[in-house]
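The block underneath contains the structure these notes are about, expressed in structure tokens.
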Number of protein chains: 2
Amino acid sequence: MNEPNPTSVLSESTSETQPSVYEMIREDIISARHEPNARLKVADLAELYGTSTNPIREALQQLRGEGFVVMEPNRGARVVAIDEDFVRDIIEIEVLIEPALTKWFVSIVTDADIAELKAVQADIEKLNFADPRQHGELDTKFHQLIYDRHYNRHAAELWWKHREILRAISRRFPTSLSRRQAVLREHRELIEAISAQNAERAAAVVARHVEGSGRHIIEQMGVARRVKPPKNSI
Amino acid sequence: MNEPNPTSVLSESTSETQPSVYEMIREDIISARHEPNARLKVADLAELYGTSTNPIREALQQLRGEGFVVMEPNRGARVVAIDEDFVRDIIEIEVLIEPALTKWFVSIVTDADIAELKAVQADIEKLNFADPRQHGELDTKFHQLIYDRHYNRHAAELWWKHREILRAISRRFPTSLSRRQAVLREHRELIEAISAQNAERAAAVVARHVEGSGRHIIEQMGVARRVKPPKNSI
DNA sequence: AATAATAGAATAATGTATGATCTATTCGAT
DNA sequence: ATCGAATAGATCATACATTATTCTATTATT
């Protein structure tokens with residue numbers, strides 16, 4: 001019961017054992033401790049994480065399979081370059097998937113679920129973006145309530161993977177005031193649509209929510225890029 | 001120019017170098033030479049592919065990241081169990097993604113593209129399902145013409161990954177006569193809609209096409225399961 | 001002299017080999 | 001049926017060989 005389940009990316013939080021090398025590297029990529037485009041040298045990582053090179057290489061291969069690192073033959077691994085195109089791509093996929101997941105949620109939602117959604121939303125509003133990191137966690141929790149129980153594990157895991165990437169990026173940028181307002185408003189609209197059993201409207205709200213989030217991230221990336229030129233050029 | 005590009009799954013066919021261990025294991029999983037649910041013991045595979053255990057383990061980790069194998073801590077790797085739920089899950093995702101990809105294709109399609117589509121379709125009709133393997137290749141080529149140039153590489157690669165899995169499964173089952181007719185009809189409808197620049201209709205046809213394909217596979221799986229009971233039970 | 005070509009060293013990826021340790025499962029004895 | 005030893009196999013550490021890439025210094029050419 002206390003075993004980690006490295007196959008499923010979703011159920012990490014319940015683990016009690018110390019994180020595996022894979023989890024640590026992954027976390028360090030997501031939180032940008034390994035910067036985008038940075039080379040990941042096996043020897044360095046082995047020393048950094050206090051293991052031999054063997055587990056490092058395996059972790060990197062797994063991360064490559066998941067799309068977090070890219071590898072070139074005989075030239076090793078790099079953290080995937082997360083640029084505007086990258087974000088646009090996964091947002092476009094999410095705009096398709098999340099509304100579909102939401103529709104199904106509407107069809108099975110209970111009073112308890114809605115109460116929980118409202119509780120998380122209350123936390124979000126109380127926090128009011130004071131701590132970006134904590135906001136990110138609450139926001140993730142909010143949407144996870146909707147997606148996590150879906151029968152389509154593939155879709156749910158895809159969402160989760162994309163979510164973590166986006167969360168990692170967002171953490172590096174400020175959230176504009178207008179975007180903050182939109183987030184709160186859309187969450188409220190979503191709860192309302194779900195309560196009203198209006199699947200179509202809920203789906204539409206989610207689509208707008210995801211799209212807005214993506215647009216905001218891409219805009220922030222553009223701003224940042226214009227301010228400081230890239231230091232990780234090829 | 002003649003380097004393989006193991007990061008991108010799409011561009012394998014151009015490679016001249018001998019396939020990597022990863023590619024071989026992957027191919028053997030997809031073509032069911034490694035049966036679903038089969039244990040993948042590192043030592044056995046090392047002998048089978050004529051390498052040491054190290055590359056094997058790395059290949060397995062990558063395949064795990066891509067979802068082709070599942071791993072349990074201290075219990076090694078298994079070929080992912082491809083059951084009806086699995087197929088349903090990825091079909092549901094494809095029903096969302098493929099119409100979206102198709103819509104964009106309609107917006108950029110040229111006469112040459114349509115001619116190529118018609119040529120492949122002619123080959124398909126001429127073959128008339130005589131050789132399942134060859135039909136699978138032609139059918140893949142047909143859809144690849146539509147998806148492969150899409151700017152959203154994430155979505156295209158997701159399609160390709162799903163495609164290969166489905167192709168591998170299909171190869172194991174016969175295609176019913178009614179399904180054959182539907183495939184030909186839907187392809188023709190699709191070409192027509194694309195020629196007419198009718199993105200919505202093209203998208204609708206594709207959605208129907210994918211859904212029908214999924215339903216057919218799932219039905220065939222059910223038939224097969226009822227005939228011979230599973231020999232790889234846990 | 002300036003530039004291009006080349007050789008060689010340094011760096012690092014990739015592959016092999018082997019032993020140690022840990023875990024899960026099997027099998028036998030109680 | 002339960003316990004404990006035996007076994008299989010995964011996991012990890014280590015060392016080393018091989019190969020590809022990158023950088024530098026030397027040589028060659030114009």
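Chain letters run A, B, ... following the sequence lines, proteins first and then strands; every chain starts at 1.
An OP1 or OP2 oxygen of D/dT11 is reached within less than 4.0 angstrom by a side-chain nitrogen or oxygen of B/Arg57. Of the side-chain N and O atoms in A/Arg75, one or more sit less than 4.0 angstrom from OP1 or OP2 of D/dT22.
Distance CD1 (B/Ile56) to C1' (C/dT14): 14 Å, rounded to an integer number of Å. C/dA24 atom P lies 17 Å from atom NZ of B/Lys41, rounded to whole Å. One atom, CG of B/Leu60, and another, C1' of D/dA10, lie 11 Å apart when rounded to the nearest Å. One can place CD of B/Gln62 at 11 Å from P of C/dT14, the figure rounded to the nearest angstrom. Rounded to whole angstrom, the span from the CD atom of B/Glu72 across to the C1' atom of C/dT23 amounts to 13 Å. The distance between atom OH of B/Tyr22 and atom P of C/dG15, rounded to the nearest whole Å, is 15 Å.
When each of D/dC12, D/dT14, C/dT14 is scored by its nearest atom to the side-chain atoms of A/Met71, the top-ranked nucleotide is C/dT14. Nearest to the side chain of A/Ser52, among C/dA13, D/dC12, D/dA10, sits D/dC12. Relative to the side chain of A/Asn74, the nucleotides D/dA10, D/dC12, D/dT21 differ in distance, and D/dT21 lies closest.
At a cut-off of 3.5 Å, with distance as the only test, no side-chain donor of A/Arg171 or A/Ser31 sits close to an acceptor on the other residue.
Summary of the strand contacts: A/Asn54 and A/Ala77 both lie near DNA chain C, and taking for each the nucleotide with the nearest heavy atom, the more 5' one is attributed to A/Ala77.
One finds a salt bridge joining A/Asp113 and A/Arg149 here, because a Lys/Arg side-chain nitrogen approaches an Asp/Glu carboxylate oxygen to under 4.0 Å.
Taking OG of A/Ser176 as the start and CD of A/Glu219 as the end, the distance is 7.5 Å to the nearest 0.5 Å. A distance of 7.5 Å separates CZ of B/Arg75 from CZ of B/Arg39, quoted to the nearest 0.5 Å.
Among the heavy atoms of the strands lying under 4.0 Å from A/Thr51 are primed sugar atoms or P, OP1, OP2 only; no base atom is included.
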